[in-house]
Structures are given as structure tokens and as C-alpha cells.
Asker: 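Please read through the structure below; I'll follow up with questions.
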Amino acid sequence: MMRYLVTRTASWLAMIFIAVNITYFLACAFLDPRANYVGRRPPIPEERVDALLTPLNLNDKVPIVERWWTWLTNILTHWDWGQSPTGASVNEEISYRIFVSAQLLLLSTILTVVIGIAVGVYTASRQYKRADRAWQFVSIVAMNTHVVVASLLLVWIAITINRATGMRIFYVTGSSTTGVEGFFPRLLDLGQHLVLPTISLVIISYASYHFLQRSMLLDNINADYVRTARAKGLTKAEAIRRHALRTSIIPVATSVAFSIPGIFTGAIMTEAIFGWNGMGRYFIETISKNDIHGAVGFAAFGALCTAVGAILSDLLVVALDPRVKVS
């Protein structure tokens, strides 16, 4: 097992290294930091722009191979992913925004998975009954609801409740309120900011796990080993829980493992609507500001999260399916 993990990790690191370096060259080809200074009034002299971009290793007049080598050397020797055209450190931006996105998406992902699996098991065990058809209708509506629609509806409901009660129960924008002191007041403040975006993400996301779990469980619920378990005296619920669910949950567990990149790379639309300065908004900002180093750093972090998800997926399959052997 350890040899397998080391081999998989090494292969993923090699792929990440190659992909990130290719991304750097692509970012240099399509993003132009010099464009940030075009159209200024009064115009900025070209020599002044060169003086601003050269210390940041963003001057396009310097050969791209030389800029790439400087960028790569700084990463390998100092773990410095460079600076944006405004002089902000990519390391500091990403390290802060990772925490913001994780706050927003970790809870919603857990709730999405738990609700989706629970509803999938509930409906599969009641196939074609009223509960099954009702949940399918609700999930189809949720799956086809855009995050913007769900978020704006929740914002309207929250504002209505706040006005009706005369209290600020829900916060519509931002991840925290400045000036809040103390552990429990800060925890309450975080909860008030988290409620709306978390609900909106759960609404649009749980349905995929519902349908996947329902489909997988229906494929196994009438299998020979489940019928054998019921013939030995187990009830239908016990047979599903002890036997059918363990096999049918494997694809769902794999899907959950690959959702890790989404947890830490942010939700662009949700962060924009609710004013959270997470990784999703950071990615949009790097493109709009022609931030080569920021875009490459974001891509590298996303690739790393994907690698972690892939390795966890393999481990989950081995843990859940005793038929799988790892040599």
C-alpha cells in the first residue's frame, strides 16, 4: 500500500509540475500586465511602466525563458509564487482566500453529501412510491435551478425576515463583521454570514448525489448477495444498510473525493453574489487584472487539490470494496 501511494504521489507531482509550467507559458501568451497601464490619464511613459513591471518579473520585453527561469527558481528555492501587477504577494493572497473558501464550501459540501446520500437511499428503498416521485420532482427542480436564481431568492427571503423581525438575523454580504470580539460572538457572526450561501449551494448541489446514490443502490438492491442476506433473516432495511449500501456508495465516495478541488478553489458565482473574497473571486480578479503569477498559482493549487482527491478516491475504493487488491 505504501509503495502504491508513493508511486501515485510521484506521478501526480510530475504531472502537476509539467502542467503548471505549461500554464505559465500560456498565461504569458494571453495575459498582458502592460495593458493595466493603457488609457491612464495622464498617460504613463513606457519607461515608467517598464520600471514598474521589471522588479515584478512581468516585463514582456524580457525574454520569456528568462522570466520563466526566474519565476521557477523563486518557487523552488523560496516557495515564492511571485507578485501581481499591483505588487501584492500571490502567496499571501492564496493563503488567505483558501481559508475563506473553505469556510464557505466545507460545511455546504458536507451537508450536500449527507443529504444527497440519505435522500438517495430513502427513495431507492421506496422505488416508484409517492415519496420517491416527490423527491425526484424536487431534485429535478433543484438541479435545474441556477445558483444565481437560488441565491437571489434566498437574499429576498432573508431581507424580508430581517425587516419583519426588525433584527439583523441574516447577513447578505461579506464573510464577517468588523469589530466583533469574543469566541461565541464571532462564531454567531460567522453563522449569520454562512447561512444563506450554504443553503444556496446545498439546494443546487445535493440532487446530483441523490440521483447517483439512488441509481447505484437500485442496481444492487436486488442482487443475489442482497437476496441471500434477506433469506437468512435480515429485514430489507438491514440488508440495504449492511450489504447493498456499501457497494453502491463507492461511486458516490469517488465523486465526493473529487469534489475537494471545488471546496478550496471556491465558488465563483456564490462568492460574487454574497461578497466573499475567496478563491473563486480571486481567479476572476487574476484574469481581469492580467495577473500572470496569480493565475498560475491558482491553477497550481487547483491541480494539487485534484491530485489529493484522486489519491483519496483510490483509498476510499480500497477501504469500501474488499474485492479490490492493491499490489
Side-chain angles (χ1 to χ4, degrees), residues 101-102 104-158 160-161 170 191 194-223 226 235-274 276 280 309 312-313 316-317 320:
S101 291
L104 176 61
L105 291 164
L106 185 59
L107 177 60
S108 65
T109 301
I110 294 173
L111 292 175
T112 296
V113 173
V114 172
I115 294 173
I117 292 176
V119 174
V121 173
Y122 178 80
T123 55
S125 61
R126 293 163 176 80
Q127 187 181 16
Y128 302 138
K129 295 182 179 180
R130 288 185 179 179
D132 181 29
R133 296 184 185 279
W135 271 111
Q136 286 194 64
F137 174 78
V138 172
S139 295
I140 289 173
V141 172
M143 182 177 288
N144 289 279
T145 301
H146 196 276
V147 63
V148 174
V149 176
S151 299
L152 293 179
L153 179 61
L154 286 172
V155 168
W156 176 76
I157 293 173
T160 302
I161 294 175
F170 302 105
L194 269 176
V195 170
L196 298 182
T198 298
I199 294 176
S200 69
L201 288 170
V202 171
I203 288 174
I204 66 169
S205 302
Y206 89 92
S208 60
Y209 291 108
H210 165 203
F211 288 121
L212 178 59
Q213 183 62 77
R214 180 182 181 277
S215 177
M216 292 298 103
L217 189 56
L218 287 176
D219 288 341
N220 293 279
I221 203 169
N222 294 317
V226 178
T235 64
K236 183 178 180 180
E238 291 173 336
I240 291 175
R241 185 175 64 254
R242 296 184 186 181
H243 300 282
L245 181 58
R246 181 170 183 177
T247 303
S248 64
I249 205 173
I250 292 174
V252 181
T254 302
S255 177
V256 171
F258 277 101
S259 69
I260 290 177
I263 295 175
F264 295 101
T265 54
I268 296 174
M269 297 300 298
T270 305
E271 290 179 5
I273 293 170
F274 291 101
W276 285 62
L312 285 178
S313 173
L316 285 172
V317 170
L320 294 172

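Numbers here simply count residues along the sequence, with the first being 1. Not measured: the values here are computed from a predicted model.
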Asker: Can you see which heavy atom on L217 is nearest to which on A244, and at what distance?
Answerer: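 Taking L217 first and A244 second, the nearest heavy atoms are CD1-CB, 3.8 Å.
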
Asker: I'd like to know if the side chain of S108 reaches the main chain of L105, judged simply by a donor and an acceptor atom lying under 3.5 Å from each other, with no hydrogens or angles considered.
Answerer: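 Indeed, once roles are kept as given, a pair shorter than 3.5 Å links the two residues.
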
Asker: In a check of side-chain contact (heavy atoms from CB on, under 4.5 Å) between L107 and each of T198, V202, V195, which one passes?
Answerer: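 Per the side-chain contact (heavy atoms from CB on, under 4.5 Å) rule, the option paired with L107 is T198, out of T198, V202, V195.
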
Asker: Which value, rounded to the nearest 0.5 Å, describes the distance between I140 atom CD1 and W135 atom CH2?
Answerer: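 Spacing of CD1 (I140) from CH2 (W135) equals 13.0 Å.
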
Asker: Would you compute the distance between atom CD1 of I204 and atom OG1 of T270 and round it to the nearest 0.5 angstrom?
Answerer: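 Spacing of CD1 (I204) from OG1 (T270) equals 5.5 Å.
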
Asker: Is the side chain of S208 donor-acceptor paired with the backbone N or O of S205 at a distance under 3.5 Å, no angle test?
Answerer: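 Checking the backbone N and O of S205 against the side chain of S208, a donor-acceptor pair under 3.5 Å is found.
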
Asker: Quick one: does T112's side chain get under 4.5 Å of L201's, heavy atoms only?
Answerer: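 With C-beta onward as the side chain, the pair stays apart.
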
Asker: Side chains of residues 250-258: which donor-acceptor partners sit under 3.5 Å, not counting sequence neighbours?
Answerer:
| from | atom 1 | to | atom 2 | distance (Å) |
| --- | --- | --- | --- | --- |
| T254 | OG1 | I250 | O | 3.0 |

Asker: Return the CE to CD1 distance between M216 and I221, rounded to the nearest 0.5 Å.
Answerer: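 Reported value, rounded in 0.5 Å steps: 13.0 Å.
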
Asker: Sub-3.5 Å donor-acceptor pair from the side chain of T145 to the main-chain atoms of V141, do we have one?
Answerer: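 Side chain of T145 to backbone of V141: a pair is present.
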
Asker: Would you say that V138 contacts Y206 through its side chain, given a criterion of any heavy-atom pair below 4.5 Å between the two side chains?
Answerer: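 Side-chain contact under 4.5 Å: yes.
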
Asker: Please collect all salt bridge (Lys or Arg N to Asp or Glu O under 4.0 Å) contacts where either partner lies in residues 194-204, sequence neighbours excluded, each pair once.
Answerer: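 Residue pairs passing salt bridge (Lys or Arg N to Asp or Glu O under 4.0 Å), neighbours aside: none found.
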
Asker: For S248 and Q213, which heavy atoms make the closest approach, and how far apart are they?
Answerer: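 What the structure gives for the nearest pair is OG-NE2, 3.2 Å.
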
Asker: Rounded to the nearest 0.5 Å, what separates atom CD1 in I249 from atom CG in L316?
Answerer: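 Output value for this atom pair is 9.5 Å.
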
Asker: With sequence neighbours left out, write down each residue that passes side chain to side chain donor-acceptor pair (under 3.5 Å) with D132, or none if nothing qualifies.
Answerer: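 Q136, R214.
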
Asker: Given side chains that start at C-beta, do those of V155 and F170 come closer than 4.5 Å, heavy atoms only?
Answerer: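 V155 does not reach F170 side chain to side chain.
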
Asker: Which heavy atom of L218 sits nearest a heavy atom of A124, and at what distance?
Answerer: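 So the minimum-distance heavy-atom pair works out to CD2-O, 3.5 Å.
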
Asker: Is there a side-chain contact between M143 and F211 (heavy atoms, below 4.5 Å)?
Answerer: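 Counting from C-beta outward, M143 and F211 do come under 4.5 Å.
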
Asker: Could you measure the distance from the OG atom of S139 to the CG atom of N144? Nearest 0.5 Å is fine.
Answerer: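 Answer for the OG-CG pair, S139 versus N144, is 11.0 Å.
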
Asker: In Å, rounded to the nearest 0.5 Å, how long is the span from CD1 of I273 to CD1 of I268?
Answerer: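 Spacing of CD1 (I273) from CD1 (I268) equals 12.0 Å.
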
